[in-house]
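Only one structure is covered here, and it is reproduced in the block below.
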Amino acid sequence: MNSNGDSHSDYSPKEKREPSWVLFISGPTGSGKTTVAKFLASNFEARFLEGDDLHPKANIDKMHKGEALTDSDRQGWLEAISKQASTYNQEQSPRHHLIITCSALKRSHRDLLRESCKRAGYSLVHFLFLDAPESELRRRTEARQNHFAKANLVHSQFDVLERPRIDEYDATIISVVPTPNEVQSEALNVVSRLLSNENTSD
């Protein structure tokens with residue numbers, strides 16, 4: 001598929017396939033994951049996948065009511081994201097670049113995603129963790145419209161939040177306190193460096 005999710009009908013198995021990579025844009029609700037992900041997808045000709053679209057109805061209903069999800073609730077959701085990523089990398093196409101939004105609040109969530117994507121054959125798996133104080137994300141969430149994750153869910157997410165630690169070498173924390181343009185510029189620089197290093201190591 002191309003960056004819009006369309007099939008590469010002109011792909012021949014004889015073409016040299018580019019190294020595949022997947023980026024997870026993670027962080028609590030209100031951190032701007034979708035905005036950053038779409039920006040990066042357009043700049044790197046990657047397919048964009050909105051992780052929230054894969055939540056089962058039961059999860060969405062809970063969040064509509066302001067109820068926090070449990071790890072049990074999230075398990076099937078994370079597995080669905082993993083399956084989508086794995087399936088995409090198995091398609092016949094010369095390019096498999098995928099950018100996915102997923103809160104991935106805990107290390108165990110990131111472990112599940114990184115392990116499944118590595119098994120699927122991605123040459124690069126990386127997390128961009130969008131970070132801001134709880135008060136800032138609550139303010140942003142209160143201001144937005146038409147989203148099932150309400151402001152009162154921010155606190156419950158911070159209760160379980162495990163920011164990536166230094167030994168998670170495949171994760172980069174980006175502050176989203178600066179302006180959106182500054183955040184996008186920082187994300188662009190981070191991903192450009194990642195892909196440059198990946199190409200150099202090939």
Side-chain angles (χ1 to χ4, degrees), residues 1-27 31-56 59 71 73-130 162 164 167-174 184 187-202:
M1 294 186 181
N2 60 20
S3 59
N4 294 316
D6 301 322
S7 297
H8 288 285
S9 58
D10 57 348
Y11 172 64
S12 167
K14 294 182 180 179
E15 289 184 54
K16 182 178 179 181
R17 176 168 163 165
E18 295 181 15
S20 58
W21 51 262
V22 57
L23 298 175
F24 289 97
I25 312 304
S26 61
S31 57
K33 295 185 290 294
T34 297
T35 300
V36 171
K38 287 183 175 180
F39 170 77
L40 292 174
S42 66
N43 276 272
F44 292 102
E45 297 184 349
R47 183 183 179 189
F48 164 70
L49 176 63
E50 177 62 75
D52 280 347
D53 290 345
L54 299 178
H55 270 300
N59 284 6
D71 276 353
D73 294 326
R74 292 188 178 99
Q75 183 69 23
W77 172 57
L78 294 169
E79 291 174 354
I81 291 175
S82 297
K83 182 177 180 180
Q84 285 273 24
S86 299
T87 299
Y88 179 60
N89 200 34
Q90 293 165 4
E91 294 176 1
Q92 288 193 337
S93 169
R95 175 183 290 123
H96 291 80
H97 306 332
L98 186 59
I99 296 179
I100 306 174
T101 56
C102 176
S103 55
L105 297 173
K106 301 172 72 172
R107 181 165 186 154
S108 60
H109 304 163
R110 296 187 291 274
D111 283 344
L112 186 156
L113 295 169
R114 61 168 54 101
E115 290 166 8
S116 65
C117 286
K118 288 176 180 176
R119 285 197 303 270
Y122 283 97
S123 59
L124 173 68
V125 181
H126 201 89
F127 294 84
L128 296 188
F129 185 89
L130 307 185
E162 296 173 1
D167 61 332
E168 289 187 70
Y169 61 89
D170 58 356
T172 302
I173 296 177
I174 295 178
Q184 290 178 359
L188 186 66
N189 289 337
V190 169
V191 177
S192 295
R193 288 195 298 271
L194 283 171
L195 298 182
S196 177
N197 291 339
E198 181 74 6
N199 292 334
T200 301
S201 64
D202 289 341

Inset, instruction - With sequence neighbours left out, write down each residue that passes ring-ring contact (aromatic ring centres under 6.0 Å, His included) with F129, or none if nothing qualifies. - result: none

Inset, instruction - Check whether any side-chain heavy atom of L188 lies under 4.5 Å from a side-chain heavy atom of F44, and answer yes or no. - result: yes

Legend entry - Contact summary for G121 and S20, nearest pair of heavy atoms: O-OG, 3.5 Å

Inset, instruction - Measure across W77 and G51 and return the closest heavy-atom pair with its distance rounded to 0.1 Å. - result: NE1-O, 2.8 Å

Inset, instruction - Check whether any side-chain heavy atom of D52 sits under 4.5 Å from a side-chain heavy atom of T101, and report yes or no. - result: no

Inset, instruction - Hey, could you give me the OG/NE2 distance between S26 and H109, rounded to the nearest 0.5 Å? - result: 11.5 Å

Inset, instruction - Check whether any side-chain heavy atom of L113 lies under 4.5 Å from a side-chain heavy atom of V22, and answer yes or no. - result: no

Legend entry - Nearest atoms (heavy-atom pairs only) where S31 meets L130: O-CD1, 3.6 Å

Legend entry - Minimal non-hydrogen separation, F48 against K38, with atom names: CE2-CE, 3.6 Å

Legend entry - Residues that S116 engages under side chain to side chain contact (heavy atoms under 4.5 Å, CB included), provided they are two or more places apart: S82, R119

Inset, instruction - Taking K33 for its side chain and G27 for its backbone only, find out whether a donor-acceptor pair lies under 3.5 Å. - result: yes

Legend entry - Interatomic distance, L78 atom CG to L112 atom CG [nearest 0.5 angstrom]: 5.5 Å

Inset, instruction - Enter the distance from I99:CD1 to E50:CD here, rounded to the nearest 0.5 Å. - result: 12.5 Å

Legend entry - Rounded distance [0.5 Å steps], CD1 in I81 versus CZ in R74: 11.0 Å

Inset, instruction - Under the salt bridge (charged side-chain N to carboxylate O under 4.0 Å, His left out) rule, collect the residues that match up with K106, sequence neighbours excluded. - result: D71

Inset, instruction - Provide the closest heavy-atom pair for A37 versus I25 in the form atom of the first, atom of the second, distance. - result: CB-CG1, 3.8 Å

Inset, instruction - Quick one: list whatever passes side chain to side chain contact (heavy atoms under 4.5 Å, CB included) with E168, sequence neighbours left out. - result: R107, R110, R114, P164, D170, A171

Legend entry - Set of side chain to side chain contact (heavy atoms under 4.5 Å, CB included) partners for D73, sequence neighbours left out: N59, K62, L69, T70

Inset, instruction - List in chain and number order the residues that pass side chain to side chain donor-acceptor pair (under 3.5 Å) with K83, two or more places apart in sequence or in another chain; answer none if no residue qualifies. - result: none

Inset, instruction - First locate atom CD of Q84, then atom CG of D53, and finally report the distance between them rounded to the nearest 0.5 Å. - result: 9.5 Å

Inset, instruction - Kindly indicate whether the side chain of W21, heavy atoms from C-beta on, has any atom under 4.5 Å from the side chain of L194. - result: no

Legend entry - Candidate list I100, L98, L49, test side chain to side chain contact (heavy atoms under 4.5 Å, CB included), partner Y88, passing option: L98

Inset, instruction - Return yes if some donor-acceptor pair links the side-chain N/O of Y122 with the main-chain N/O of A85 below 3.5 Å, else return no. - result: yes

Legend entry - Validation row: L128, H126 side chains within 4.5 angstrom (heavy atoms): yes

Inset, instruction - Mind checking the CG-CD spacing from L40 to E45? Nearest 0.5 Å is all I need. - result: 13.5 Å

Legend entry - Nearest atoms (heavy-atom pairs only) where I174 meets A187: CD1-CA, 3.7 Å

